[in-house]
Structure formats: structure tokens, C-alpha cells
Asks: 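Below is one structure. I have some questions about it.
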Amino acid sequence: MYKLPTLNYLYQDLEPYIDTHTLGLHYNKHERNYLNNLNNLLIKNGYDYRYNLEELIYHINEFPVNDRENILFNLGGVLNHNLFFKSISPKGEKPSGNLKVAIENKYGSYEEFWKIFKNSALKLEGSGYTFLVIKNTGELDIINLSNQNTPLSLGFIPLFTVDMWEHAYYLNYKNDKNKYLDNYETISNYTNASIIYNSISRAS
């Protein structure tokens, strides 16, 4: 069965930007619920766990039509949360290496990139995520996706994300998404994004 990845920090480590209660609920209740639902659906269909989570997206047609939507929704919930928790850390970390260069080439500077990323997140209607992705053209882009849709379904590689579902911020910020995003930038960590981008750019 698929399992929750271990966080690289404690629930309290992101205070005061994300409080202990919110982070604990987010990781141990919300993501775990998606994971449990996913495993139950897969077991019901006699799945042998031959693929990793990312690969499962590309093999969804191997499952009965009636279960595909639920599998994709819960799989997206796991994948998006995994990326979300890798996109933040107590100290934060700016983009580095080839990713830093690519962001500066496209957006002019990291600061300008973040301004565009934040504005995109503020425009997202309802629940969903804002992503920094590598498109299938190899170009960086900022996209919004609703609910638990994942960029992988579009053929894009997700590098970094912010969760705009209310459970991610409401206890701390109520409806003040602007403040949530300003504080999110403080704890944003691009280490994972830089590793993925740098490995892809070296291979191409």
C-alpha cells in the first residue's frame, strides 16, 4: 500500500506562519484521508502496486471506468499534498542553480515571479492549487488547477505549489488570502523544485 511520506519538520516548526493545529490536521487528517481512500479503491480493484504514485496517473485506463474519477481525485489529493509539504520549510529556501536562472530569464527576477505567482493564486476561484510547472515544451509556467487536479494529467511536471483549499489557511487567516500568501512566501522552499528542474535541464 502507498504510505504517507515523513515530513522533514515538526508540526510546530512553521509557527507563526502556519500553526501546529492546522499543519497537524492538514497532514494527518486531510492528506491521510485521501491516501486511505486511494488505497481502498485500489485494493477493491485488485491492484498490485506495481507503479509509483506519479506513474499511476498514466495507467488510469487500467481501472474500471466507474472508479477512475474517484481514483484520480484521491490520487491528486495525495500527490498535491506531497508537493505542498515539500514546498515549505521552517527557514525557506530560494530557487537555485538552473531553476534560478530559468525563473530570472522568464520573469526578470524571483521577486517578479513571486508577484505573478501570488496574483495567480488570488485569482483562483473555489478550492485548488497554484503551481509552478515545467510544460511539455520545457518552458516554466504558473497555472491554477481546481480541486485535486494535478499538472501530471496535463503532461506537465509540477515543481512547487501553494494549497488554496480553505483547510490550508482558514484557522490562521480566515478569508485573508493575501496575508496567507505573503507569509507563505516567507516559508517557501524551492529545494525540491530546484533538484527536479536541475536534473531535467542537465538531461536535456
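All values below were derived from every heavy atom in this structure, side-chain atoms included, with hydrogens, water molecules and symmetry-related copies excluded.
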Asks: Among Y34, F84, Y11, which residue satisfies the ring-ring contact (aromatic ring centres under 6.0 Å, His included) criterion with H26?
Replies: F84
Asks: Keeping N147 on the side-chain end and G128 on the backbone end, is there a donor-acceptor pair under 3.5 Å?
Replies: no
Asks: Check the side chains of N70 and N37 for a donor-acceptor pair under 3.5 angstrom, ignoring hydrogens and angles.
Replies: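 Side chains of N37 and N70: no pair found under 3.5 Å.
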Asks: How long is the span from the CZ atom in R32 to the CG atom in L4, to the nearest 0.5 Å?
Replies: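 Going from the CZ atom of R32 to the CG atom of L4 covers 4.5 Å.
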Asks: If you take the centroid of each ring, where Trp contributes its six-membered ring, are F117 and F160 closer together than 6.0 Å?
Replies: yes
Asks: Within a reach of under 6.0 Å around CZ of F63, are more than 12 heavy atoms found that belong to other residues, nucleotides or ligands?
Replies: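 Count over threshold, so yes.
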Asks: Please check if L25 and Y9 belong to a single hydrophobic cluster, counting links between Ile, Leu, Val, Met, Phe, Trp and Tyr side chain heavy atoms closer than 4.5 Å.
Replies: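 In one cluster: no.
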Asks: Are the side chains of L140 and Y197 in touch, meaning some heavy atoms are under 4.5 Å apart?
Replies: yes
Asks: In Å, rounded to the nearest 0.5 Å, how long is the span from CD1 of I143 to OG1 of T130?
Replies: 9.0 Å
Asks: Okay, side chain of N189, backbone of K86: is any donor-acceptor separation there less than 3.5 Å?
Replies: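 Such a contact is absent between N189 side chain and K86 backbone.
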Asks: Is there side-chain contact between Y173 and Y17, with at least one heavy-atom pair below 4.5 Å?
Replies: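 They are in side-chain contact.
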Asks: Distance from D176 atom CG to L181 atom CG, nearest 0.5 Å?
Replies: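 Nearest 0.5 Å value for the CG-CG distance: 9.5 Å.
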Asks: Do M164 and Y180 come within less than 4.5 Å of each other through their side chains, counting heavy atoms only?
Replies: yes
Asks: Would one find more than 12 heavy atoms of other residues, nucleotides or ligands at under 6.0 Å from atom CD of E69?
Replies: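 Counting neighbours around CD of E69, 12 or fewer heavy atoms of other residues, nucleotides or ligands fall under 6.0 Å, so no.
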Asks: Would you kindly say whether E15 and T20 are connected by a side-chain donor-acceptor distance under 3.5 Å?
Replies: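 Note: E15 and T20 side chains meet the donor-acceptor criterion.
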Asks: Quick one: does L42's side chain get under 4.5 Å of L56's, heavy atoms only?
Replies: yes
Asks: Assess whether a salt bridge exists between R50 and E55, defined as any Lys/Arg side-chain N lying under 4.0 Å from an Asp/Glu carboxylate O.
Replies: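 Looking at E55 together with R50, the answer is no, because their closest N to O distance does not fall below 4.0 Å.
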Asks: Would you indicate whether K115, at its atom NZ, is surrounded by more than 12 heavy atoms from other residues, nucleotides or ligands within a distance under 6.0 Å?
Replies: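 No, not enclosed.
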Asks: F131 and side-chain contact (heavy atoms from CB on, under 4.5 Å): which single residue from N80, I157, N149 fits?
Replies: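 Single side-chain contact (heavy atoms from CB on, under 4.5 Å) partner of F131 among N80, I157, N149: N80.
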Asks: For L145 and T150, which heavy atoms make the closest approach, and how far apart are they?
Replies: CD1-C, 3.6 Å
Asks: Do S120 side-chain atoms and I116 backbone N/O form a donor-acceptor pair below 3.5 Å?
Replies: no
Asks: For the side chain of N45 and the backbone of L41, is there at least one donor-acceptor N/O pair under 3.5 Å apart?
Replies: yes
Asks: Are side-chain heavy atoms of N192 and S87 found at a separation under 4.5 Å?
Replies: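 A side-chain contact is absent here, since even the closest heavy-atom pair is not under 4.5 Å.
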Asks: Hey, would you say the Y49 and Y51 ring centroids sit under 6.0 Å apart?
Replies: no
Asks: Closer than 3.5 angstrom, by distance alone: can the side chain of S109 be matched with the main-chain N or O of E112 as a donor-acceptor pair?
Replies: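 Confirmed, S109 side chain pairs with E112 backbone.
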Asks: Rounded at 0.5 Å granularity, tell me how far OG in S194 sits from CD1 in I103.
Replies: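 The CD1 atom of I103 is 7.0 Å from OG of S194, to the nearest 0.5 Å.
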Asks: Look at atom NZ of K179 and say whether more than 12 heavy atoms of other residues, nucleotides or ligands are closer to it than 6.0 Å.
Replies: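 Check fails, neighbour count at 12 or below.
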Asks: Taking T161 for the side chain and L83 for the main chain, is one N or O donor matched with an acceptor at less than 3.5 Å?
Replies: no
Asks: Which heavy atom of G92 sits nearest a heavy atom of S89, and at what distance?
Replies: N-OG, 3.1 Å
Asks: Do the non-hydrogen side-chain atoms of L14 and P90 ever get within less than 4.5 Å of each other?
Replies: yes
Asks: Give a yes-or-no answer on whether the side chains of H30 and H81 include a donor-acceptor pair shorter than 3.5 Å.
Replies: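 There is no such pair between these side chains.
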Asks: Does the side chain of I200 reach to within under 4.5 Å of the side chain of N98, using non-hydrogen atoms?
Replies: no
Asks: Report yes or no: do Q148 and Y129 form a side-chain donor-acceptor pair below 3.5 Å?
Replies: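 Indeed, the side chains of Q148 and Y129 share at least one donor-acceptor pair under 3.5 Å.
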Asks: Do V133 and L124 share a hydrophobic cluster, counting only Ile, Leu, Val, Met, Phe, Trp and Tyr and linking them when any side-chain heavy atoms are less than 4.5 Å apart?
Replies: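 Shared cluster, no.
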Asks: How many angstroms lie between atom CG of L159 and atom OH of Y190, to the nearest 0.5 angstrom?
Replies: 10.5 Å
Asks: What's the verdict on side-chain contact (heavy atoms from CB on, under 4.5 Å) for Y169 and K177, showing C-alpha distance, side-chain angles and the deciding distance?
Replies: CA-CA 8 Å; Y169 62 85; K177 296 179 183 179; 3.2 Å; yes
Asks: Is the backbone N or O of G24 less than 3.5 Å from a side-chain atom of N28, with the two atoms forming a donor-acceptor pair by type?
Replies: no
Asks: Should K118 and D182 count as side-chain neighbours, where that means a heavy-atom distance under 4.5 Å?
Replies: yes
Asks: Can you check whether N36's main-chain N or O pairs, donor with acceptor, with N40's side chain at less than 3.5 Å?
Replies: yes
Asks: Please round to the nearest 0.5 Å and tell me the distance separating atom CD1 of I60 and atom CG of L75.
Replies: 7.0 Å
Asks: Without swapping roles, check the side chain of D19 against the backbone of H21 for a donor-acceptor pair under 3.5 Å.
Replies: yes
Asks: Between N175 and Y170, what is the shortest heavy-atom contact and its length?
Replies: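 Scanning both residues completely, I find the closest heavy atoms to be N-CE1, 4.0 Å.
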